[in-house]
Amino acid sequence: MKLSPGAEEVATFYAKMLDHEYTTKDIFRKNFFKDWRKEMTSEEKSKITELKKCDFTEMHEYFKAQSEARKQMSKEEKRKTKEENERILQEYGFCVMDNHRERIGNFRIEPPGLFRGRGDHPKMGKLKRRIRPEDIIINCSKDSAHPRPPPGTRWKEVRHDNKVTWLVSWTENIQGSIKYIMLNPSSRIKGEKDWQKYETARRLKKCVERIRAQYREDWRSKEMRIRQRAVALYFIDKLALRAGNEKDEGETADTVGCCSLRVEHIRLYPQLERQDFVVEFDFLGKDSIRYYNKIPVEKRVFKNLQLFLENKQSEDDLFDRLNTSILNKHLQELMDGLTAKVFRTYNASITLQQQLKELTSPDENIPEKILSYNRANRAVALLCNHQRAPPKTFEKSMQNLQIKIDEKKKQLSAAKKEHKAAKADARTLRDEKSKKAVEMKKKAVERISEQLMKLEVQATDREENKQIALGTSKLNYLDPRISVAWCKKWTVSIEKIYNKTQREKFAWAIDMADDDFEF
DNA sequence: CAATCCAACTCTGGGGCTAAGTG
DNA sequence: CCACTTAGCCCCAGAGTTGGATT
């Protein structure tokens with residue numbers, strides 16, 4: 001069926017996703033179909049009444065062929081597109097802020113498509129509208145030459161607000177929230193903010209014992225709200241839970257953080273696996289990532305939790321007298337700038353520092369040192385519950401690595417044999433030439449066993465990383481100065497720990513930290 | 001025959017993207 | 001409501017590998 005341009009475009013959004021699990025979900029299909037119909041002409045509307053009768057495979061094949069063709073481009077064509085992308089980056093990817101040319105983070109407007117909410121999102125599949133010049137607010141200095149709207153159109157507004165950092169904003173149509181174009185993490189303004197964040201966490205380090213003593217005291221308060229606040233803070237501190245703001249029901253996936261935990265998210269075991277007072281957590285957190293943990297707690301915490309649960313239904317709030325703004329107000333009084341998320345930053349960074357101290361040993365070689373670093377990083381990722389879906393190719397790539405290891409082992413034993421033979425030769429011949437041969441063979445054995453060791457370390461690292469994402473903590477929670485200091489202390493080059501982008505983001509820390517930096 | 005080169009292929013790290021949090 | 005940080009997924013450039021040709 002030949003579609004009108006509007007309806008056709010929306011259909012292609014769906015056709016492109018045919019391989020994706022989304023298109024099997026009822027909500028996704030229902031939302032898509034409803035929004036698709038809005039784009040149809042009245043003839044189309046009367047003809048196309050059921051999604052399950054629509055066959056998108058031809059469109060799907062078309063796009064597959066397109067991407068195949070892109071892959072088959074000649075070297076020359078690839079070079080051309082690369083050059084063109086670079087030109088676009090140079091023209092639109094930078095701005096001048098306070099006389100410095102700075103890289104912009106996301107300088108491309110989000111294209112239209114079908115909304116891909118995470119988890120059980122009630123709005124998945126809805127049409128995400130195309131953004132037009134009339135939707136765009138430009139924010140720049142009064143005297144700056146800002147980009148002009150395309151001919152015949154105008155911006156929604158051009159304003160000059162120097163109290164905010166964004167350059168462009170627009171309102172998206174799914175949640176009605178505002179989207180921004182801001183600077184790259186390597187920019188001065190982001191770097192300073194980042195530095196500040198870690199300095200706040202370091203100030204918490206100085207008073208965290210006092211705060212802990214305080215909330216432990218508050219577990220015995222005669223006021224319910226204070227007990228709830230104290231138990232929640234204990235969880236945030238001990239388990240690095242997120243604050244847990246309220247969310248509008250029905251508009252978003254049902255996920256929770258600490259303050260929004262419900263009765264159904266915890267179970268209490270006076271005894272479990274020979275431990276006393278165990279709390280079992282099972283809930284969906286940010287991005288609908290499951291948090292599952294069983295931890296023994298102090299008796300007082302346990303008794304309090306029993307009290308909070310009294311006479312409640314499973315869908316009732318665990319902390320009914322608490323929310324994030326109450327908690328943060330309290331924290332603000334304990335320390336200037338203290339909020340719930342500072343605990344996550346603090347606990348992540350201090351854990352990295354401790355783990356690095358514990359795991360790094362002077363007699364490790366460089367690959368082993370890096371394994372130790374990654375293990376320290378992993379401890380943090382575990383604490384913060386940074387998970388990932390095991391890569392689709394995980395099993396295969398593990399197998400490949402194992403094959404390499406086996407081959408290397410064979411190579412090694414062959415090399416060892418040759419070395420032995422050469423030594424025997426040298427004993428009988430006793431000439432310079434055979435002595436040299438022994439040296440050569442010895443070198444070969446050493447080289448191969450080092451290669452083997454590297455492969456084995458790599459396999460361990462990869463296996464341990466199967467379901468854990470290190471990137472999030474590395475980028476957002478770990479004071480980079482800890483890593484820089486560690487590199488300097490053990491003469492590991494910084495490139496082994498941070499790639500190019502990360503080095504740009506953490507330039508401030510690389511400049512600043514010496515080998516004796518203490519978080 | 002070893003060394004070197006190079007094209008073609010494979011695989012993965014990193015960057016882009018944008019949703020979903022916090023305050 | 002607004003501005004900002006935090007988050008996982010996806011894709012593909014480019015690094016690494018292979019294998020055959022050439023030196």
Side-chain angles (χ1 to χ4, degrees), chain A residues 17 19-22 67 70-73 75 78-79 81-82 85 89 93 105-111 113 115-119 121 123-124 128 137 139 161 163-166 169 171-172 174-185 189-190 193-194 196-197 236 242-247 251-253 255-260 284-289 323-325 327-329 331-332 337-345 348 381 384-389 391-394 396-397 400-401 404 458 462 465 467-477 498-502 504-505:
Chain A
M17 294 180 71
D19 286 335
H20 206 286
E21 210 204 325
Y22 274 121
S67 82
R70 235 172 297 131
K71 274 184 217 153
Q72 297 302 321
M73 277 195 311
K75 257 190 183 166
K78 281 188 180 163
R79 191 189 58 77
T81 35
K82 201 183 160 193
N85 285 337
L89 173 69
N106 53 329
F107 63 89
R108 279 174 237 263
I109 290 292
E110 296 175 16
F115 177 72
R116 302 157 87 120
R118 320 231 170 104
H121 198 116
K123 299 196 171 181
M124 64 165 76
K128 194 170 106 166
I137 303 174
N139 186 37
D161 181 353
K163 299 286 174 275
V164 296
T165 71
W166 55 268
S169 74
T171 302
E172 54 90 28
I174 304 289
Q175 322 271 4
S177 67
I178 306 171
K179 300 261 189 167
Y180 301 93
I181 288 182
M182 291 180 192
L183 294 195
N184 188 273
I189 201 150
K190 295 284 184 187
K193 260 313 223 12
D194 211 30
Q196 229 176 62
K197 174 181 77 185
I236 285 169
R242 294 188 185 82
N245 283 322
E246 300 100 297
K247 317 175 46 178
E251 300 287 294
T252 56
T255 62
V256 296
C258 186
C259 293
S260 49
L284 298 181
K286 181 176 178 179
D287 293 316
S288 294
I289 296 290
N323 61 39
T324 53
S325 94
L327 178 64
N328 282 330
K329 245 174 226 140
L331 292 175
Q332 193 56 242
L338 188 61
T339 61
K341 89 183 184 107
V342 178
F343 280 88
R344 240 166 109 81
T345 311
C384 294
N385 199 41
H386 292 141
Q387 300 189 35
R388 61 166 184 177
K392 287 190 182 75
T393 55
F394 185 84
K396 192 165 160 280
S397 87
N400 286 346
L401 202 51
K404 276 193 194 169
Q458 198 188 351
R462 196 178 291 179
N465 241 8
Q467 302 202 61
I468 300 178
L470 300 187
T472 303
S473 51
K474 205 176 194 178
L475 249 37
N476 300 302
Y477 289 103
Y498 290 140
N499 67 31
K500 185 163 157 283
T501 334
Q502 293 165 341
E504 281 165 9
K505 166 165 177 165

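Numbered from 1 within each chain, the chains take letters A, B, ... in sequence-line order. Only a predicted model underlies this, so the values are computations on that prediction, with no experimental measurement involved.
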Outermost nucleotides of DNA chain C that come under 4.0 Å of a non-hydrogen atom of chain A: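 Under 4.0 Å from chain A, the extent on DNA chain C is C:dC2 to C:dT17.
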Close side-chain approach of A:C259 to A:L327, heavy-atom, < 4.5 Å: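 Touching, per the 4.5 Å side-chain cut-off.
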Heavy atoms, side chains only, cut-off 4.5 Å: are A:V342 and A:L331 in contact?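 They are not in side-chain contact.
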Round to the nearest Å and state the distance from [X] atom [atom1] to [N] atom [atom2].
{"X": "A:N245", "N": "B:dA19", "atom1": "CG", "atom2": "C1'", "result": "16 Å"}
{"X": "A:E110", "N": "B:dA20", "atom1": "CD", "atom2": "C1'", "result": "13 Å"}
{"X": "A:I289", "N": "B:dA19", "atom1": "CD1", "atom2": "C1'", "result": "12 Å"}
{"X": "A:E246", "N": "B:dT22", "atom1": "CD", "atom2": "C1'", "result": "12 Å"}
{"X": "A:K123", "N": "B:dA20", "atom1": "NZ", "atom2": "C1'", "result": "14 Å"}
{"X": "A:Q332", "N": "B:dT22", "atom1": "CD", "atom2": "P", "result": "17 Å"}
{"X": "A:I236", "N": "B:dT22", "atom1": "CD1", "atom2": "C1'", "result": "11 Å"}
{"X": "A:L475", "N": "B:dG21", "atom1": "CG", "atom2": "P", "result": "19 Å"}

Any sub-3.5 Å donor-acceptor pair from A:Q332's side-chain atoms to A:G337's backbone N or O?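 Yes: the side chain of A:Q332 pairs with the backbone of A:G337.
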So, does A:D287 use its side chain to make a donor-acceptor pair with the main chain of A:I289 at under 3.5 Å?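 No.
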We want to know whether A:R344 and A:Y477 form a side-chain donor-acceptor pair, criterion being a heavy-atom distance below 3.5 angstrom.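 Present: a donor and an acceptor within the cut-off.
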Establish, from distance only, whether the side-chain atoms of A:E172 and A:S177 form a donor-acceptor pair under 3.5 Å.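 Side-chain D/A pair, A:E172 to A:S177: present.
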Base, sugar-phosphate or nothing for [X]? Non-hydrogen atoms, less than 4.0 Å.
{"X": "A:K341", "result": "sugar-phosphate"}
{"X": "A:R118", "result": "base"}
{"X": "A:P185", "result": "nothing"}
{"X": "A:S169", "result": "nothing"}
{"X": "A:K78", "result": "nothing"}
{"X": "A:G244", "result": "sugar-phosphate"}
{"X": "A:Q387", "result": "sugar-phosphate"}
{"X": "A:S325", "result": "nothing"}

Taking the nucleotide of DNA chain C with the closest heavy atom to each, which residue, A:K71 or A:T472, is nearer the 5' end?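 In this pair, the answer is A:T472.
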Heavy-atom nearest nucleotide on DNA chain C for A:I189 versus A:I178: which residue maps closer to 5'?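 Checking each residue's closest nucleotide, the 5'-ward one belongs to A:I178.
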Assign each of A:G105 and A:A253 to its nearest nucleotide of DNA chain B by heavy atoms, then name whichever residue's nucleotide is nearer the 5' end.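 Result: A:G105.
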Heavy-atom nearest nucleotide on DNA chain B for A:D287 versus A:T501: which residue maps closer to 5'?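 By nearest-heavy-atom nucleotide position, the 5'-most residue is A:T501.
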Exceeds 12 heavy-atom contacts within 6.0 angstrom, atom NZ of A:K329: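 Counting neighbours around NZ of A:K329, 12 or fewer heavy atoms of other residues, nucleotides or ligands fall under 6.0 Å, so no.
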Look at [X] and [N] and indicate whether a side-chain polar atom (N or O) is within less than 4.0 Å of OP1 or OP2.
{"X": "A:K179", "N": "B:dT18", "result": "no"}
{"X": "A:N106", "N": "B:dC17", "result": "no"}
{"X": "A:S177", "N": "B:dA20", "result": "no"}
{"X": "A:N499", "N": "B:dG14", "result": "yes"}
{"X": "A:T339", "N": "B:dT22", "result": "no"}

CG of A:N245 to OG1 of A:T324: how many Å apart, nearest 0.5 Å?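 Those atoms lie 3.5 Å apart.
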Spatial distance of atom CD (A:Q175) from atom OG1 (A:T252) [nearest 0.5 Å]: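 One finds 7.0 Å between CD of A:Q175 and OG1 of A:T252.
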Who are the ring-ring contact (aromatic ring centres under 6.0 Å, His included) partners of A:Y498, not counting sequence neighbours?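 A:Y498 satisfies ring-ring contact (aromatic ring centres under 6.0 Å, His included) with A:F506 only.
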Taking five pairs at each end of the helix from B:dA2-C:dT23 to B:dG23-C:dC2, what angle separates the two helix axes (nearest 10°)?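 Rounded value for the end-axis angle: 30°.
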Please verify the inter-ring angle class for A:W166 with A:Y180; under 30° counts as parallel, over 60° as perpendicular, anything in between as tilted.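 Aromatic pair A:W166/A:Y180 classed tilted.
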